[in-house]
Amino acid sequence: MADVERSLVEEHSLDRDCTTLSRHVLQQLKSFSADAQDLSALMNRIALAAKIISRRLSRADLVEGALGFTGNVNVQGESVKKMDAYANDVFISVFKQSGLVCRLASEEMEKPYYIPENCPIGRYSLIYDPIDGSSNVDINLNIGSIFAIRRQQGDDIDGEATDLLQDGHQQIAAGYVIYGPSTMLVYSIGTGVHAFTLDPSLGEFILSQENMQVPDHGPVYSVNEGNFWQWDESIRDYIRYVHRHEGYTARYSGALVGDFHRILCQGGVFIYPGTVKKPEGKLRLLYETAPLAFLIEQAGGRASTGTQNLMDVVPEKLHTRTPLIIGSKEDVALVESFIQERARESKEAIASRS
């Protein structure tokens, strides 16, 4: 009897272990059509890039030239870490062989990278942040990669990729990879949010959590309070509120992917507001905030700039930035309420002076 039970457990385990990323995509789409197979192949390529980056990170301290800065400055005016450059090159190399992707747009590149041999048939664009939270690399803290897939619209003859300047609803898939105690890939193709954990012994991402849902309210607020005096008064009002009320816990790692993953799993809100001097904020719409907004909405949460649903924002350029308030519905709404209250008070003050 014990042998039979053990066999049943092993069969159940084997069945679960067989749910690989590519198989899961096809199951979600309930189709083996050309489009479904394309998406499955694209996710496989993203997974391959994640495996290569994960391997490099796991022994970065042992590889000469893996850590530190390159000495270059990217289009954002930020110093480029060696791991940023490495990860960016990995995505390019992996998708050169895909036959599906014509363009790759990255936070690290001023303009998209075109793969001419793919363009006649490759009608997809990969948009990505190769390494998010790169300041954590040299001190061995969690970091991530963020990605989105869009269909190319038009022929893009001038090479300006202006068709990418559309709202987040045009994304057909989005996700991230978190490199932590284990390497996890979380994705959505519009059928819920699903997490896969890399099993190094198999070299495969295996389904570990399906149909993830963010709680309507959570205890965590995640924000860099070191910028407190640079924010608009409305955000400071919210911080004062959580300081004075029980049930809130501050958690902030300096890596967007890690902080977002905590919110997705436990509930709460992540905030990266603009400042008085830079109201547009720091985070990039196409590469960071829109993909995460796609995910959080699929998980039952919300993403906002504070004044607008983030998925509705149309970028003016490839590297447009936006403030970000993302997480549980109730917590995002609470932050927005402080912004709305300050806006109302400002209008009333102006009206009273006129």
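Treat the numbers as computed from the prediction; the structure is a model and nothing was measured.
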- Query: Under 30°, 30 to 60°, or over 60°: which ring-plane class applies to Tyr287 and His319, parallel, tilted or perpendicular?
  - Reply: tilted
- Kindly say whether Arg123 contributes a backbone atom to a donor-acceptor pair with the side chain of Gln152 at under 3.5 angstrom? no
- Item | Exercise: do Tyr179 and Ser145 side chains pair donor with acceptor under 3.5 Å | yes
- Message: Do Tyr128 and Asn88 pair up side chain to side chain, a donor and an acceptor below 3.5 Å, judged on atom types alone?
- Response: yes
- Query: How far apart are the closest heavy atoms of Pro279 and Pro323, and which atoms are they?
  - Reply: O-CG, 3.4 Å
- Message: In terms of relative ring orientation, are Tyr187 and His194 parallel, tilted or perpendicular, with 30° and 60° separating the classes?
- Response: tilted
- Task: Using the six-membered ring wherever Trp is involved, compare the ring planes of Phe270 and Tyr272 and label them parallel, tilted or perpendicular (cut-offs 30° and 60°).
- Result: tilted
- Query: So do Phe91 and Ser106 actually touch side chain to side chain, heavy atoms under 4.5 Å?
  - Reply: no
- Query: Hey, are Ser304 and Glu336 close enough side-chain-wise for a donor-acceptor pair under 3.5 Å?
  - Reply: yes
- Between Arg103 and Asp163, does at least one N-O distance fall below 4.0 Å, as a salt bridge requires? yes
- Where is the tightest heavy-atom contact between Ser54 and Leu198, given as atom of each residue plus distance? OG-CD2, 4.3 Å
- Is the side chain of Arg150 donor-acceptor paired with the backbone N or O of Gln166 at a distance under 3.5 Å, no angle test? yes
- Note on the structure: Between Ile326 and Val332 the two heavy atoms that sit nearest each other are C-CG2, 3.8 Å
- Item | Side-chain touch Lys277/Gln230, heavy atoms, less than 4.5 angstrom | no
- Message: Contact between Ile149 and Leu126 at the side-chain level, heavy atoms closer than 4.5 Å - yes or no?
- Response: yes
- Query: Between Asp216 and Ser328, is any side-chain donor less than 3.5 angstrom from a side-chain acceptor?
  - Reply: no
- Quick one: do Asp237 and Arg342 make a salt bridge, cutoff under 4.0 Å? yes
- Query: Sub-3.5 Å donor-acceptor pair from the side chain of Asp259 to the main-chain atoms of Ser253, do we have one?
  - Reply: yes
- Basic-acidic side-chain contact under 4.0 Å: Lys96, Glu117: no
- Message: Checking Met109 against Ile92 for the side-chain contact (heavy atoms from CB on, under 4.5 Å) test, could you report, in this order, the C-alpha distance in whole Å, the side-chain angles of both residues, the deciding distance, and whether it holds?
- Response: CA-CA 11 Å; Met109 302 184 294; Ile92 291 172; 4.0 Å; yes
- Task: Take Phe338 and Tyr241 through the ring-ring contact (aromatic ring centres under 6.0 Å, His included) test and state the conclusion after the steps.
- Result: CA-CA 10 Å; Phe338 284 94; Tyr241 173 89; 5.6 Å; yes
- Decide side-chain contact (heavy atoms from CB on, under 4.5 Å) for Ile235 and Val335; before the verdict, give the C-alpha distance in whole Å, the side-chain angles of both, and the deciding distance to 0.1 Å. CA-CA 7 Å; Ile235 301 297; Val335 179; 4.2 Å; yes
- Answer yes or no: is there a donor N or O on one side and an acceptor on the other, between the side chain of Thr305 and the main chain of Thr322, under 3.5 Å? no
- Do side-chain atoms of Asp331 reach the backbone of Gly218 as a donor and acceptor pair under 3.5 angstrom? yes
- Pairwise side-chain contact, Phe147 with Met43, heavy-atom cut-off 4.5 Å (strictly under): yes
- Axial cation check for Tyr124 ring with Arg151, 6.0 Å and 45° limits: no
- Please determine if Glu288 and Lys282 form a salt bridge, counting it only when a charged side-chain N lies under 4.0 Å from a carboxylate O. no
- Task: Using modelled atom types only, decide if a donor and an acceptor are shared between the side chain of Ser40 and the backbone of Gln37 within a distance under 3.5 Å.
- Result: no
